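This report refers to the structure that appears directly beneath it.
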Amino acid sequence: MKAAAFEYSRPGSLQDALRALREHGGRAKLIAGGQSLGPMLNLRLARPPVVIDISGLPELRTVTRHDGMLRVGAGVTHAEIEDGVHELLRGTPLQQVAPGIAYRAIRNRGTLGGSLAHADPAADWVLTVVGLGATLEIAGPDGVRMAPADGYMQGAYTTGLLDDELIAAVHIPVPSAQARWGYYKFCRKTGEFAEASCAAWFDPAAGTARIAVGALDGAPRLLPQLAARLAQQGLAGMDESLLATELAGVMQDKDEHHRKLHATAVTRCVAQALG
């Protein structure tokens, strides 16, 4: 199939893009890498009258460091993160996650911000930003606001973005020398979305201990009690009953098979981080 007819706009700056969003009053769709919106347009699952192309905006393509945080532009592609194009991202959790996203052809075009805006529950970046306790920089007509990743995704394909806003960047903590990261997911085959996934981030220097599970029906969920126990005791503190209890609290609508998959993903993820 082919997309329904739409008006195409390619603004030259972030302010021009925001102005175009405001002018079209929620009828426009943003496109960056197009790896999610492109198929939806061709299948006519999405029929926006206007498509605004923000893939070339220079403001969304930079990576900088400030006050113990890395600011990663929303237009940075998965492949650029994977390949270490930006020196500041080399050796970070983002570079460890990127190679496992879909296929190389998709990673060449897909962007960090585009994945977060699409908000597929099984997507890698959605889980990663929650696992890291990242903050999203959201640009709108009234300026920039900062939104914690924990509450940004409200449900499957549903976020806190307003019609006239876009994700400008993601702020993640700079890892200390003691920081440890784990990421594990179950897929039927390489390149597919996860059926169960987990991200674990421990940084004793910053007092951070986070375990997040993804590939749920909605947003990723944290397992704070298990994370606190493991931060104190290391792998020796892995408690299967505590894990089962916390998973039951965030997976009420999942059957025993899915809970087992997620429990295994958490166990392997934590072992990767702390082993």
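None of the values given here were measured: they were computed from a predicted structure.
Between Pro224 and Leu222 the shortest heavy-atom distance is CD-O, 3.2 Å. Gln95 and Glu82 get closest at one heavy-atom pair: NE2-O, 3.3 Å. Taking both residues in full, the closest heavy atoms of Gly75 and Arg61 are given as O-NH1, 2.5 Å, listed atom of the first, atom of the second, then distance. Closest approach of Leu88 and Val63 over heavy atoms only: CD1-O, 3.7 Å. Gly73 and Leu112 make their closest contact through O-CD2, 4.3 Å (heavy atoms, listed as atom of the first residue, atom of the second, distance). Of all heavy-atom pairs spanning Ala117 and Tyr152, the tightest one is CA-OH, 3.4 Å.
To the nearest 0.5 Å, atom CG of residue Leu14 and atom CG of residue Leu18 are 4.5 Å apart. Atom-to-atom distance recorded for Asp164:CG and Arg19:CZ is 13.0 Å, nearest 0.5 angstrom. Note that CG of Asp16 and CZ of Arg10 are 12.5 Å apart. Values are rounded to the nearest 0.5 Å. Of the inter-residue distances, the one linking Tyr103 atom OH with Thr190 atom OG1 reads 7.5 Å to the nearest 0.5 angstrom. Separation of atoms CD1 (Ile52) and CG (Leu21) is listed at 4.0 Å; rounding is to 0.5 Å. Distance check, rounded to the nearest 0.5 Å: OG1 of Thr135 to CD1 of Ile172 gives 11.0 Å.
Arg109 and Ser55 are not linked by any side-chain donor-acceptor pair at a separation below 3.5 angstrom, with hydrogens and angles left out of the test.
Tracing side-chain contacts under 4.5 Å through hydrophobic residues (I, L, V, M, F, W, Y), one reaches Met238 starting from Leu247; they form part of the same cluster. No continuous path of ILVMFWY side-chain contacts below 4.5 Å connects Ile211 to Leu261, so the two sit in separate hydrophobic clusters. In this structure, Ile101 is a member of the same hydrophobic cluster as Val129, with clusters built from ILVMFWY side-chain heavy atoms closer than 4.5 Å. Hydrophobic clustering places Trp201 together with Met153 (ILVMFWY residues linked when any side-chain heavy atoms are closer than 4.5 Å, directly or through intermediates). Under the 4.5 Å side-chain heavy-atom criterion for ILVMFWY residues, a single connected hydrophobic cluster contains both Val50 and Leu30.
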**Prompt:** Between Asp124 and Phe193, is a side-chain contact (heavy atoms from CB on, under 4.5 Å) present by the stated rule, with each step listed?
**Reply:** CA-CA 8 Å; Asp124 295 273; Phe193 282 109; 5.7 Å; no
**Request:** Output, in order, the C-alpha distance, side-chain angles, deciding distance and verdict of side-chain contact (heavy atoms from CB on, under 4.5 Å) for Arg221 and Leu216.
**Result:** CA-CA 8 Å; Arg221 300 291 296 275; Leu216 304 173; 3.5 Å; yes
**Request:** Decide yes or no on side-chain contact (heavy atoms from CB on, under 4.5 Å) for Met146 and Leu136, but give the supporting numbers first.
**Result:** CA-CA 6 Å; Met146 307 302 287; Leu136 307 188; over 6 Å; no
**Request:** Carefully, step by step, assess Gln225 and Leu242 under the rule side-chain contact (heavy atoms from CB on, under 4.5 Å).
**Result:** CA-CA 8 Å; Gln225 295 180 52; Leu242 177 57; 3.8 Å; yes
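Remark: Arg180 does not engage Asp203 in a salt bridge, criterion side-chain N to carboxylate O under 4.0 Å. Between Arg210 and Asp150 there is a salt bridge, since a side-chain N of the basic residue sits under 4.0 Å from a carboxylate O of the acidic one. Using a cutoff of 4.0 Å between basic side-chain nitrogens and carboxylate oxygens, Glu165 and Arg145 are scored as salt-bridged. A salt bridge links Arg104 to Asp83: at least one charged side-chain nitrogen sits closer than 4.0 Å to a carboxylate oxygen. Between Asp163 and Arg22 there is no salt bridge, since no side-chain N of the basic residue sits under 4.0 Å from a carboxylate O of the acidic one.
Proximity of Val266 to Leu226: side-chain heavy atoms (C-beta onward) are separated by under 4.5 Å at one or more points. With a 4.5 Å cut-off on side-chain heavy atoms, Leu274 and Phe202 count as touching. Within the 4.5 Å cutoff, side-chain heavy atoms of Leu132 are placed close to those of Leu94. Between Asp120 and Val126 there is no side-chain heavy-atom pair separated by less than 4.5 Å. Residues Leu161 and Leu166 form no side-chain contact, since every pair of their non-hydrogen atoms from C-beta on lies 4.5 Å or further apart. Looking at heavy atoms from C-beta onward, Thr92 lies out of side-chain contact with Trp181 at the 4.5 angstrom threshold. Between Lys185 and Glu192, the closest side-chain pair of non-hydrogen atoms is not below 4.5 Å. Side chains of Arg188 and Glu195 form a contact here, defined as non-hydrogen atoms less than 4.5 Å apart.
Without hydrogens or angle criteria, Arg229 side chain to Gly237 main chain gives a donor-acceptor distance under 3.5 Å. For the pair Gln178 (side chain) and Pro204 (backbone), a donor-acceptor distance under 3.5 Å is absent.
Annotation: Gln252, atom CD; neighbour count of heavy atoms from other residues, nucleotides and ligands within 6.0 Å is above 12.
Here side chain to side chain donor-acceptor pair (under 3.5 Å) pairs that include residues 262-271, with residues two or more places apart or in two chains, are Tyr184-Arg268.
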